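Here's the structure, in structure tokens; my notes come after.
Chain letters run A, B, ... following the sequence lines, proteins first and then strands; every chain starts at 1. All heavy atoms count here, side chains included; hydrogens, waters and symmetry mates do not. Computed from a predicted structure; not experimentally measured.
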Amino acid sequence: MALPKTLPGFREFYPEAMAVRRFLFNVWRESALAFGFQEYDGPVLEPLELYTRKSGDEIEAQLFSFTDKGGREVALRPEMTPTVCRLVGAKANALKRPIKWFSIAEFYRYERMQKGRGRSFFQFNADIFGEAGPEAEVELIALLVQCLRRFGLSEADVYIRLSDRDLWLLYLEEYGFSPEETADVLSAVDKLEKLGDAAFRGYEEKHGALAPEKREAIQALFGVRGFEALAALVQSLGNERLQARLAQWRQLLDGLEAMGVGSFVEVDLGVVRGLSYYTGFVFEAFDRKGDLRAIAGGGRYNDLVRRYGGPDLPAVGFAIGDMTFQLLLEARGLLPTMVQAADVYAIIGGPAERQKALRVVADLRMAGVRAEYPLRQVGFGKQFKLADQSGARLALIFGEDEVQRGVVKLRDLRSGEEEDVELARAVAAVRERLHGG
RNA sequence: GUGGCUGUAGCUCAGUUGGUUAGAGCACCAGAUUGUGGAUCUGGGGGUCGCGGGUUCGAGUCCCGUCAGCCACCCCA
């Protein structure tokens with residue numbers, strides 16, 4: 001009788017893997033806190049409707065959804081954005097603005113597994129609500145860069161492609177595309193990089209052949225790399241609203257420079273992001289080598305809070321996934337070896353000494369010192385081996401001689417240095433050794 | 001959902017044209033070892049050979065199916 005196996009795509013964290021996970025999370029959390037973001041969380045299980053209302057059925061196909069015992073249609077959360085929109089929307093009037101929130105949470109998608117993608121994964125999400133100007137984007141992109149740099153990743157490892165759905169909309173309008181056509185053009189643009197001209201097939205089936213000059217116009221904006229090229233293209237059109245949008249771009253790029261993160265960012269109108277709820281600036285982070293899928297992605301979604309029943313509240317956010325991120329750190333040799341070592345290992349002579357030793361161990365632990373000892377009585381020599389293997393810096397030797405004299409021997413396992421310490425002073429002596437030198 | 005590759009111990013793998021009771025290294029446990037170190041030696045536990053069926057006197061080995069994993073497509077909130 002075999003035990004039931006782990007569900008495909010779900011992850012188990014043995015202590016070593018858990019240490020890596022905690023390392024990632026800690027750095028992300030510290031980064032967000034340094035930026036003044038506040039941590040929140042929401043339910044893992046949500047009404048199915050939360051995810052089906054705004055998007056198509058393809059998304060529903062990738063949901064972990066079922067009917068619960070009360071007959072409710074429910075789904076495991078596949079992303080945080082709807083939840084956070086609801087949370088913020090429900091209390092928007094009571095929340096001090098700008099609302100800067102982050103979370104580190106597990107998500108679920110019913111997908112085929114692949115390198116860097118499972119059916120369960122963690123994401124760091126950071127969002128700013130209530131700020132319509134590009135200052136919010138500056139803050140978020142700076143946080144994203146901080147989340148990279150704190151691990152030792154530089155602009156040589158990662159770059160951020162920065163684009164703008166607003167500008168795309170204005171541009172397409174200028175070329176006479178209707179709103180319905182615009183959505184399908186953007187969907188084609190999203191695939192243009194991979195598929196080439198074939199990307200327009202879906203559009204043409206729906207809206208008829210694409211005039212050559214329109215196609216050229218799309219290709220022109222799609223190919224824009226760098227602000228100079230963007231400015232040149234926009235100015236050639238003489239459209240006032242596009243000009244105004246360009247001013248926003250300038251403000252954003254100046255802010256990023258001032259924050260010292262400009263070197264990570266590349267203006268690249270080839271990105272539009274598949275999701276239809278994005279309304280303005282969008283960005284995606286990739287590794288320079290191009291071996292991995294996207295590391296992070298985000299953008300502005302000014303309509304979403306309102307669409308979830310809240311007030312009109314501008315919003316920007318991004319997410320970093322843990323799987324690809326960890327692969328990147330591994331590939332660059334930036335994952336430190338995780339040590340879960342004790343500080344002190346107690347070496348215990350016999351049953352009589354054990355009484356004294358456990359008391360000291362308990363006191364050490366109460367003082368926040370990681371203290372270990374052999375649960376079962378084993379030979380002295382063996383205990384030294386165990387102490388060594390535990391990675392502890394110090395050993396406390398509770399031998400018969402020592403305990404009878406009312407002392408314990410404190411041994412530095414690195415230098416071999418030993419000294420006798422009064423039992424009552426054992427905790428203090430250990431702390432001096434650990435912190436003092 | 002589509003296609004390719006791969007499944008033998010916790011890990012890395014060996015296993016002859018199909019032939020007795022499936023092996024090694026690492027890891028783990030114990031002993032040597034009742035007062036000083038990641039060593040050494042000895043021993044031990046651990047396998048329905050992913051699972052199911054078929055061919056055969058006989059299958060880890062050949063065939064079919066299935067499941068799982070990896071990779072690519074699709075998708076990517």
Side-chain angles (χ1 to χ4, degrees), chain A residues 1-10 12 14 16 46 50-64 75-85 105 107-119 121 123 125 127 187 190-191 194-195 271-278 282 284 286 291-299 301 304 317-321 323-324 341 345 347-353 376-403 408-418:
Chain A
M1 251 327 213
L3 288 168
K5 283 185 195 164
T6 313
L7 256 15
F10 280 80
E12 294 172 308
Y14 284 82
E16 205 175 318
E46 292 275 19
L50 187 66
Y51 306 112
T52 51
R53 197 195 288 186
K54 72 167 183 195
S55 20
D57 33 53
E58 277 192 11
I59 282 165
E60 193 171 347
Q62 295 186 342
L63 285 174
F64 255 103
L76 290 170
R77 62 183 173 197
E79 59 165 325
M80 195 53 113
T81 306
T83 300
V84 73
C85 283
F107 300 95
Y108 309 87
R109 294 177 194 174
Y110 200 91
E111 297 190 277
R112 195 69 168 262
M113 288 103 57
Q114 233 178 95
K115 190 179 184 183
R117 189 171 76 183
R119 286 182 175 180
F121 55 93
Q123 274 188 352
N125 274 264
D127 295 88
S187 152
D190 191 39
K191 292 170 185 152
K194 265 187 210 161
L195 303 182
V271 175
V272 295
R273 292 187 60 75
L275 238 16
S276 54
Y277 61 61
Y278 286 114
V282 291
E284 278 183 330
F286 295 88
D291 297 336
L292 302 166
R293 58 183 64 247
I295 291 154
Y301 50 97
L304 217 48
F318 76 89
I320 310 176
M323 292 179 86
T324 302
Y345 198 94
I347 292 170
I348 302 166
E353 291 74 34
R376 277 183 321 171
Q377 196 58 49
V378 296
F380 235 78
K382 180 88 175 187
Q383 291 190 58
F384 276 93
K385 193 177 280 188
L386 291 172
D388 191 41
Q389 287 172 343
S390 78
R393 274 187 55 194
L394 303 173
L396 274 177
I397 305 166
F398 296 88
E400 200 181 341
D401 306 343
E402 288 87 355
V403 170
V408 61
K409 191 165 281 174
L410 178 58
R411 179 181 174 87
D412 187 313
L413 289 167
R414 289 179 197 166
S415 65
E417 211 180 318
E418 285 185 351

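You'll find that the side chain of A:Phe384 is closest to B:rU36, out of B:rU36, B:rC75, B:rC73. The side chain of A:Arg112 sits closest to B:rG1 out of B:rG1, B:rC76, B:rG35. Checking B:rA72, B:rA30, B:rC75 against the side-chain heavy atoms of A:Lys191 singles out B:rC75 as nearest. Side-chain atoms of A:Asp401 lie closest to B:rG35 of the nucleotides B:rC74, B:rG37, B:rG35. Of the candidate nucleotides B:rG35, B:rU36, B:rC76, B:rC76 has the atom nearest to the side chain of A:Arg293. Closest contact between the side chain of A:Pro8 and the listed nucleotides B:rU40, B:rU36, B:rA68 involves B:rA68. For A:Gln114, counting side-chain heavy atoms from C-beta on, the closest listed nucleotide (B:rA72, B:rC76, B:rG37) is B:rA72. You'll find that the side chain of A:Arg376 is closest to B:rA30, out of B:rC75, B:rU2, B:rA30.
If you check every strand for non-hydrogen atoms under 4.0 Å, A:Ile347 touches nothing. Using a 4.0 Å heavy-atom distance criterion, A:Gln383 is classed as making no nucleic acid contact. At the heavy-atom level, A:Gly9 lies under 4.0 Å from the strands shown only through sugar-phosphate atoms. Counting non-hydrogen atoms under 4.0 angstrom, A:Met113 reaches the backbone sugars and phosphates but no base. Heavy atoms of A:Glu402 sit under 4.0 angstrom from at least one base atom. Within 4.0 Å (heavy atoms only), A:Leu413 reaches at least one base atom of the nucleic acid. At the heavy-atom level, A:Gln123 lies nowhere under 4.0 Å from the strands shown.
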What does the 5'-to-3' dot-bracket notation of RNA chain B look like when only Watson-Crick and G-U wobble pairs under 3.5 Å count, and pairs to other strands show as |? (((((((..((((.....[...)))).(((((.......))))).....(((((..]....))))))))))))....
